[in-house]
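Basis for what follows: all heavy atoms, side chains included, without hydrogens, waters or symmetry-related copies. Everything numeric here is computed off the predicted structure, so don't read it as measured data.
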Amino acid sequence: MTGGGFPMSDLFKKIESSSNLDRSTIMNVAESVKNANFQDEKVVRNLIQQLSAMTGKSVNKKTEEQIVKAVTSQNMPLDMKGLNQMFGNR
């Protein structure tokens, strides 16, 4: 389970259904950023661009700025409700 009581398998299903990513691709991305410095704005922006390209979904500048600010300040929500609110999916 994740921090918000959301089963991990449901999280993967939700990601897979809304993107072009399968579980192994998601795990590969997670592994590649395991030791990344998320306080470095450039690292975060590169990851956003990489994920955007992989999913075929564009991220506008305003949303990118919100993500970068939240991640670099370590103010990123850890539960699905918080993530949905951050990205306007209510």
Side-chain angles (χ1 to χ4, degrees):
M1 284 200 183
T2 62
F6 196 79
M8 190 63 77
S9 61
D10 288 349
L11 176 63
F12 281 112
K13 286 177 188 174
K14 185 169 179 74
I15 293 170
E16 289 173 349
S17 70
S18 64
S19 70
N20 295 327
L21 303 177
D22 60 24
R23 185 179 183 135
S24 65
T25 302
I26 296 165
M27 296 305 289
N28 288 339
V29 170
E31 185 66 29
S32 74
V33 299
K34 188 186 295 186
N35 296 314
N37 178 4
F38 288 109
Q39 292 180 333
D40 182 340
E41 186 175 309
K42 186 175 180 178
V43 169
V44 176
R45 288 187 192 283
N46 286 337
L47 179 59
I48 293 167
Q49 292 167 4
Q50 178 186 5
L51 292 173
S52 176
M54 291 172 72
T55 62
K57 297 185 182 221
S58 62
V59 177
N60 66 45
K61 286 295 179 187
K62 181 180 177 186
T63 301
E64 182 177 322
E65 288 300 323
Q66 288 176 322
I67 295 168
V68 169
K69 183 178 179 182
V71 172
T72 58
S73 68
Q74 298 179 337
N75 194 24
M76 194 75 184
L78 298 177
D79 63 344
M80 288 306 293
K81 181 178 179 184
L83 289 170
N84 282 332
Q85 287 174 342
M86 179 179 180
F87 295 110
N89 300 327
R90 297 178 185 144

Enquirer: For the atom pair CG (L21) and CG (L51), what is the distance rounded to the nearest 0.5 Å?
Expert: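 Atom-to-atom, L21:CG and L51:CG are 7.0 Å apart.
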Enquirer: Using the salt bridge (Lys or Arg N to Asp or Glu O under 4.0 Å) criterion, which residues pair with K34? Sequence neighbours excluded.
Expert: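 Salt bridge (Lys or Arg N to Asp or Glu O under 4.0 Å) check on K34 returns E31.
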Enquirer: Please list, chain by chain and in numerical order, all residues satisfying salt bridge (Lys or Arg N to Asp or Glu O under 4.0 Å) with K42, sequence neighbours excluded.
Expert: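 Result, salt bridge (Lys or Arg N to Asp or Glu O under 4.0 Å) vs K42: none returned.
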Enquirer: For N35, which residues count as a side chain to side chain donor-acceptor pair (under 3.5 Å) partner, sequence neighbours excluded?
Expert: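 Not a single residue meets the side chain to side chain donor-acceptor pair (under 3.5 Å) criterion with N35.
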Enquirer: Using the salt bridge (charged side-chain N to carboxylate O under 4.0 Å, His left out) rule, collect all pairs that involve residues 49-58, keeping only residues at least two apart or in two chains.
Expert: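 Pairs touching residues 49-58 that pass the test: none.
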Enquirer: Could you give all pairs that pass the side chain to side chain donor-acceptor pair (under 3.5 Å) test and reach residues 44-53, with sequence neighbours left out?
Expert: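 Residue pairs with at least one partner in residues 44-53: E41-R45, R45-E64, R45-E65.
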Enquirer: Testing the basics here: between F38 and V44, what is the closest heavy-atom pair and its distance to 0.1 Å?
Expert: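 Scanning both residues, the minimum pair turns out to be O-CG2, 3.5 Å.
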Enquirer: Residues two or more places apart in sequence or in another chain: which of them pass side chain to side chain donor-acceptor pair (under 3.5 Å) with D22?
Expert: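 Applying side chain to side chain donor-acceptor pair (under 3.5 Å) to D22 gives S24, T25.
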Enquirer: Output the distance between atom OG1 (T55) and atom CD1 (I26), rounded to the nearest 0.5 Å.
Expert: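 With rounding to 0.5 Å, OG1 (T55) is 10.5 Å from CD1 (I26).
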Enquirer: Please examine the side chains of V43 and T72, heavy atoms only from C-beta on, and report whether any two atoms are closer than 4.5 Å.
Expert: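 Not in contact.
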Enquirer: Give the minimum heavy-atom separation between A70 and S73, together with the two atoms involved.
Expert: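 That closest heavy-atom pairing would be O-OG, 3.4 Å.
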